[in-house]
Amino acid sequence: MSRRPGNPTRRFAGGGSLGGLFHPKSRPTPLLPTVLLILGAVLVIGYFYRGSGSSGSSALSRLEGEFTCTSEVHQAIPYLKKAYGDSMRKVLHVGPDTCSVVSKLLKEEETEAWGVEPYDVEDVDVNCKNLIRRGIVRVADIKFPLPYRPKSFALVIVSDAVDYLSPKYLNKTIPELARVSADGLVIVTGYPGHSRAKVAELSKFGRPAKMRSSSWWARFFVQASLQENDAAIKKFEQAAASDGYKSRCQIFHVKSFH
């Protein structure tokens, strides 16, 4: 915290100058102790303000910054590679902030990655604009058919997108994601009660997020004629357990249509 500079023209009481304070015959003045007391108070207040300010800022960021399952995808990539092997060489990620996931995947050796941003992009960084300009990332409403041929990608990963879809659109979107994948579909979604849309995001997503239980998703997969990929589930869980990794989101592994 910056301190207000002192006024060099200010004169001191008792002699009219600073030298009068130290003259052996000068009368003791209460000004110096007062100044020191004020200085000490300023330093103490500044210390506590700085300390409480940092923790307050951190708390504010925790309140304002909402946890997303897209950020969890970053953590899960090493375990997805162990679960899917060569299928991770051609990946499509679908969800908000897909540019960050695509950028991370492109840094992996022998990995091709594309992305679909299901909502309007605003204030994106230069890297994201470049990915969109090059056609690596598309902005498309996933409630409608995707502009890809069947089995265009080995693996499709979707995060933070299906939570905002009603069952009516889920019945179209999930099978569509399975259609464009050849080896599997990974659905990363929040746990019930763990995440909610911010008020400011309602206009962007159109509805608040609805987190569904694992039993709800199991019934949905059966109704949509989709099968969970038990082999991928086992490999993923074994790889994650060996590192002590535990996802803060639900991760479902679904087989593609054949």
Side-chain angles (χ1 to χ4, degrees), residues 65-165 173-190 195 197 201 204-205 209 229 232 236 239-240 245 247-254 256:
E66 182 172 314
F67 168 75
T68 67
C69 287
T70 296
S71 62
E72 194 69 16
V73 173
H74 289 262
Q75 305 296 322
I77 286 176
Y79 313 111
L80 290 171
K81 290 181 66 176
K82 292 182 179 180
Y84 289 94
D86 289 343
S87 297
M88 287 291 289
R89 291 186 177 182
K90 194 171 185 180
V91 181
L92 172 70
H93 175 264
V94 179
D97 196 25
T98 189
C99 290
S100 67
V101 177
V102 170
S103 296
K104 184 173 179 63
L105 286 170
L106 289 174
K107 293 178 182 179
E108 301 288 329
E109 294 183 4
E110 300 180 351
T111 298
E112 298 178 29
W114 287 266
V116 172
E117 168 61 62
Y119 308 104
D120 292 336
V121 290
E122 297 178 0
D123 301 325
V124 295
D125 58 24
V126 175
N127 176 60
C128 190
K129 289 179 180 178
N130 184 44
L131 291 173
I132 294 173
R133 181 183 58 79
R134 293 164 58 192
I136 296 175
V137 170
R138 293 173 181 255
V139 180
D141 191 338
I142 60 174
K143 293 194 292 291
F144 301 97
L146 295 174
Y148 301 111
R149 294 179 179 179
K151 305 184 187 305
S152 293
F153 308 94
L155 188 69
V156 174
I157 304 170
V158 57
S159 61
D160 289 323
V162 296
D163 296 328
Y164 294 94
L165 296 178
T173 300
I174 299 298
E176 178 69 5
L177 295 174
R179 179 188 70 83
V180 300
S181 66
D183 298 332
L185 167 64
V186 178
I187 301 172
V188 187
T189 180
S195 180
E201 291 176 337
K204 177 179 180 180
F205 299 128
N229 191 334
F236 180 86
Y245 168 74
S247 175
R248 292 175 290 177
C249 295
Q250 299 182 95
I251 300 179
F252 299 100
H253 305 263
V254 180
S256 304

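We count residues from 1, following the sequence as given.
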**Request:** Just say parallel, tilted or perpendicular for the rings of Y245 and F236, cut-offs at 30° and 60°.
**Result:** perpendicular

Kindly indicate whether the side chain of V91, heavy atoms from C-beta on, has any atom under 4.5 Å from the side chain of V101. no

Scanning both residues in full, the closest heavy-atom pair of Q250 with G190 reads NE2-O, 3.0 Å

Quiz item: Side-chain contact, heavy-atom cut-off 4.5 Å: L80 with H253?
Solution: yes

Exceeds 12 heavy-atom contacts within 6.0 angstrom, atom NZ of K129
no

The reported gap from OG1 in T189 to CG in D160 (rounded to nearest 0.5 angstrom) is 8.0 Å

Between S256 and A178 the two heavy atoms that sit nearest each other are CB-O, 3.9 Å

Heavy atoms of C249 and E72 approach each other most closely as SG-CB, 4.2 Å

query = Is a side-chain N or O of K90 found less than 3.5 angstrom from the main chain of S152, in a donor-acceptor match?
reply = yes

Rounded to the nearest 0.5 Å, the CZ atom of F144 sits from the CD atom of E176 at a distance of 12.0 Å

Heavy-atom distance under 4.5 Å between the side chains of C99 and E117, does that happen here? no

Rounding to 0.5 Å, atoms CD1 (I136) and CG (N130) come to a distance of 7.5 Å

- [ ] Would you please test L105 and M88 for side chain to side chain contact (heavy atoms under 4.5 Å, CB included) and show each step?
- [x] CA-CA 9 Å; L105 286 170; M88 287 291 289; 4.0 Å; yes

Residue pairs meeting salt bridge (Lys or Arg N to Asp or Glu O under 4.0 Å), one or both in residues 97-108, sequence neighbours left out, come to K81-E108

| query | Can you check whether N127 reaches S103 side chain to side chain, under 4.5 Å on heavy atoms? | reply | yes

Quick one, L177 and L146 - any side-chain contact, counting heavy atoms below 4.5 Å? yes

Residues A83 and A232: closest non-hydrogen pair is CB-O, 3.8 Å

### T111 side chain vs E109 backbone, donor-acceptor pair below 3.5 Å
yes

| task | For the pair S181 (side chain) and D183 (backbone), establish whether a donor and an acceptor sit closer than 3.5 Å, ignoring hydrogens and angles. | result | no

Original post:
Any sub-3.5 Å donor-acceptor pair from R179's side-chain atoms to Y148's backbone N or O?
Top reply: yes

The residue among V116, I157, V188, V137 that forms side chain to side chain contact (heavy atoms under 4.5 Å, CB included) with H93 is I157

Worksheet item: Distance-only, no hydrogens or angles: does the T173 side chain make a donor-acceptor pair with backbone N or O of I142 under 3.5 Å?
Response: yes

Rounded to the nearest 0.5 angstrom, the CD1-CG distance for I174 and L165 is 7.5 Å

In short, T68 meets S71 closest at the heavy-atom pair O-OG, 2.5 Å

Heavy-atom nearest pair, T70 first then S159, reads OG1-OG, 2.9 Å

